[in-house]
Amino acid sequence: MKKKIIITLLLLAAFMLTSAVGFAVTNMMEKKHPSDYKIGISYEEALNSDKPSVVLFYVDWCGYCLRFMPRYKILSTVYKNKYNFVMIDCDNSSYKRLIEDAMISGFPTVYIIDPKYDNRVHLTQGLYGNTFKFREELDRYLRIRKLLDKE
C-alpha cells in the first residue's frame, strides 16, 4: 500500500514538474523580441527618481538582447526596491541623443545611471551571462553609493 502511494506521489510530482517546465518554455518562446518583456519604467521617470537606474540599451533584431532578457527580468524583480529598471530601444529616434552620448556601439549594453550623483557606470558584457557576477556589480554600486550618501 505504501509503495502505491509513493509511486502515485512520484508520478504526480513528475507530471507537475513537466507541466511547469513546459509552461515556462512556452512562455519564453512566445517572446520573440526584447520589447515583448516590458520591464521597468521610462527613462524620463527614472531621471526624476532618487534611485539609481539599470538601463538596458537594446534593439529588437538582436538575438543576444533576447537571450539576456530573462536575466534582466530576474534582476528587475530582485532589485526592484533598490534600482529602477529601464529599457531603451535604440531604434527609437527619440533616444538618439542619449544613445550617442552613451556611445552605444553594440547590443545589449547596460549602464547604471545615477542622476543624484551625475554618474554613469558601464557594465561590461562579460557580466551578462553570469547573473551572480552581475548582482555583485549591482551590490558594489549600492555600497559605493551608500558611502557617498554619508559624505
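In what follows, every heavy atom counts, from backbone to side chain, and hydrogens, waters and symmetry copies are set aside. Positions are given from 1, in the same order as the sequence printed here.
The minimum heavy-atom distance linking Pro115 with Ala46 is given by the pair CG-O, 4.0 Å. Here the closest non-hydrogen pair linking Leu66 and Lys32 is CD2-O, 3.6 Å. Arg140 and Glu137 make their closest contact through NH2-OE2, 2.8 Å (heavy atoms, listed as atom of the first residue, atom of the second, distance). Heavy-atom minimum distance, Gly106 versus Thr109: O-OG1, 2.5 Å.
Taken from CD1 in Ile144 to CG in Asp139, the straight-line distance is 11.5 Å, to the nearest 0.5 Å. Going from atom CH2 of Trp61 over to atom SG of Cys90 covers 9.0 Å, rounded to the nearest 0.5 Å. Interatomic distance, Glu136 CD to Arg143 CZ, rounded to the nearest 0.5 Å: 8.5 Å.
Contact of the Phe68 side chain with the Phe134 side chain is registered, since non-hydrogen atoms from C-beta on lie closer than 4.5 Å. In this structure, Val86 and Ile41 have side chains that are in contact, with non-hydrogen atoms separated by less than 4.5 Å. Using a 4.5 Å cut-off on side-chain heavy atoms (C-beta onward), Leu142 and Lys146 make no contact. The shortest side-chain heavy-atom distance between Phe85 and Thr77 does not fall under the 4.5 Å cut-off. Taking the side chain as every heavy atom from C-beta outward, Tyr128 and Leu56 never approach each other to under 4.5 Å. Residues Arg145 and Lys116 have side chains in contact (heavy-atom distance under 4.5 Å, counting atoms from C-beta outward).
Cluster membership for Tyr111 and Val121, using ILVMFWY side-chain heavy atoms within less than 4.5 angstrom, is not shared. Note on Tyr64 and Val55: separate hydrophobic clusters, where clusters join Ile, Leu, Val, Met, Phe, Trp and Tyr whose side-chain heavy atoms are under 4.5 Å apart, directly or indirectly. Hydrophobic clustering of Ile, Leu, Val, Met, Phe, Trp and Tyr side chains at less than 4.5 Å, counting indirect connections, unites Ile88 with Phe107. Connection of Tyr79 to Ile112 is established within a shared hydrophobic cluster, with ILVMFWY side chains joined at heavy-atom distances below 4.5 Å, either directly or through further cluster members. Met69 and Leu127 fall within the same hydrophobic cluster, where Ile, Leu, Val, Met, Phe, Trp and Tyr residues are linked whenever their side-chain heavy atoms come under 4.5 Å apart, directly or through other members.
With hydrogens and angles ignored, the 3.5 Å screen pairs a side-chain donor or acceptor of Tyr117 with a backbone N or O of Asp149. Between the side chain of Gln125 and the backbone N or O of Pro108, at least one donor-acceptor pair lies under 3.5 Å.
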Q) What's the verdict on side-chain contact (heavy atoms from CB on, under 4.5 Å) for Leu138 and Leu123, showing C-alpha distance, side-chain angles and the deciding distance? A) CA-CA 9 Å; Leu138 293 178; Leu123 298 178; 4.2 Å; yes

(Q) For a side-chain contact (heavy atoms from CB on, under 4.5 Å) check, start with the C-alpha distance between Val78 and Leu75, then their side-chain angles and the critical distance, and finish with the verdict. (A) CA-CA 5 Å; Val78 172; Leu75 292 167; 5.6 Å; no

Q: Please test Glu100 against Arg97 for salt bridge (Lys or Arg N to Asp or Glu O under 4.0 Å), starting from the C-alpha separation and ending with a verdict.
A: CA-CA 5 Å; Glu100 288 173 357; Arg97 186 170 180 198; over 6 Å; no

(Q) Evaluate Met87 against Tyr72 for side-chain contact (heavy atoms from CB on, under 4.5 Å), listing each step before the verdict. (A) CA-CA 10 Å; Met87 294 175 57; Tyr72 194 68; 3.8 Å; yes

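Applying the salt bridge (charged side-chain N to carboxylate O under 4.0 Å, His left out) definition to pairs two or more places apart or across chains, none involves residues 35-62. Sorted by first and then second residue, the salt bridge (charged side-chain N to carboxylate O under 4.0 Å, His left out) pairs involving residues 118-132 (not counting sequence neighbours) are Asp101-Arg120. The side-chain hydrogen bond (donor to acceptor under 3.5 Å, both in side chains) contacts involving residues 80-89 comprise Ser49-Asn84, where partners must be two or more places apart or lie in separate chains.
The aromatic rings of Tyr43 and Tyr95 sit perpendicular, their planes meeting at an angle over 60°, well past the 30° parallel limit.
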